[in-house]
Amino acid sequence: MFELFGTSLPSRLLLGTAQYPSPAILADAVKASGTSVVTVSLRREMAGGRAGEKFWSLIRALGTRILPNTAGCHSVKEAVTTAKMAREVFGTSWIKLEVIGNQDTLQPDVFGLVEAARILCEDGFTVFPYTTDDLVVAERLLEAGCKVLMPWCAPIGSALGPVNIMALRSMRGHFPDVPLIVDAGLGRPSHAATVMELGFDAVLLNTAVARAADPVGMARAFGKAVEAGREAYSSGMLEPRDVAVPSTPTIGRAVFS
Ligand SMILES: CC(=O)[C@@H](O)[C@H](O)COP(=O)(O)O
């Protein structure tokens, strides 16, 4: 069980809802993953008009908690306006805040992110900021009022997995009491298990499931990997060693003479 802002979440996997081959596959993938939180891009779906309304009914019918996001926003103003609309549409003050700063890497504009986070926190939002693994930016986001951080592990949609393990490890070490959710860039279930083994509280992903040959099977695989990584972390893993240590006892060995 994952306690987040007074809500008990049965799963530590948060799933995106974009790019699935069909609404039915999306619904089945959400069920198979065991997730209890899905993220929805308000801006992208609004562009769909009536199709957007249908999509929102489908999302509501999933019965999961909804974490609206500001995907596709490139400025503080856009992100803040989108967050306010999301609060109206979904009746939640949770918002995954994205302020994109570079079109090639889709990396966050961390200056705009901090500014938007401050505005939204002051307005009563619970802000989930999609950020880099930079410790100074993380500090600024906490000062702005964020109570959770969502560092990337690689660019959105890249499927590269954790490209800077050292930065992620140091983030976990610096903020032992802040919920940390790795967001974006995961490609395989083993990537999810790796970041969970580092002690991250949860992961959020979309592309690796939605674009898999079998999104439902992949969603199930990610659900299991997240659980396995968390259980390994909680069970105390061995530190790697440079020397061999026999794993079978030598005392009582049979002696042949
Ligand atoms: C759905 C969503 O919020 C994405 O912007 C998120 O960052 C996931 O990234 P991946 O698609 O790389 O998993």
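On a predicted model such as this, the values are computed, not experimentally measured, just so you know. First listed ligand is number 1; within each ligand, the first listed atom is number 1.
Panel note: side chain E231, backbone E227; no donor-acceptor pair is recorded below 3.5 Å. A side-chain donor-acceptor contact under 3.5 Å links S22 to the backbone of I25. T194 contributes a side-chain N or O that, together with a main-chain N or O of S190, makes up a donor-acceptor pair within less than 3.5 Å. A donor-acceptor pair is defined here as one N or O able to donate and one able to accept, closer than 3.5 Å; no such pair exists between the side chain of H174 and the backbone of M171.
Interface atoms of ligand 1 facing G157, defined by a heavy-atom separation under 4.0 Å, are 10 (P), 11 (O), 12 (O). Atom numbering of ligand 1 starts at 1 in the shown order; those under 4.0 Å from a heavy atom of G185 are 10 (P), 12 (O). Per-residue contacts place D183 under 4.0 angstrom from the following atoms of ligand 1 (heavy atoms of the residue considered): 6 (C), 7 (O), 8 (C). Counting the atoms of ligand 1 from 1 in the order shown, those under 4.0 Å from a heavy atom of L205 are 13 (O).
Here A184 has heavy atoms under 4.0 Å from ligand 1 in both its backbone and its side chain. With a 4.0 Å cut-off on non-hydrogen atoms, T207 touches ligand 1 through its backbone as well as its side chain.
Between Q19 and ligand 1 there is no heavy-atom distance shorter than 4.0 Å.
Counting heavy atoms of neighbouring residues, nucleotides and ligands inside a 6.0 Å radius, atom CZ of R65 exceeds 12 of them.
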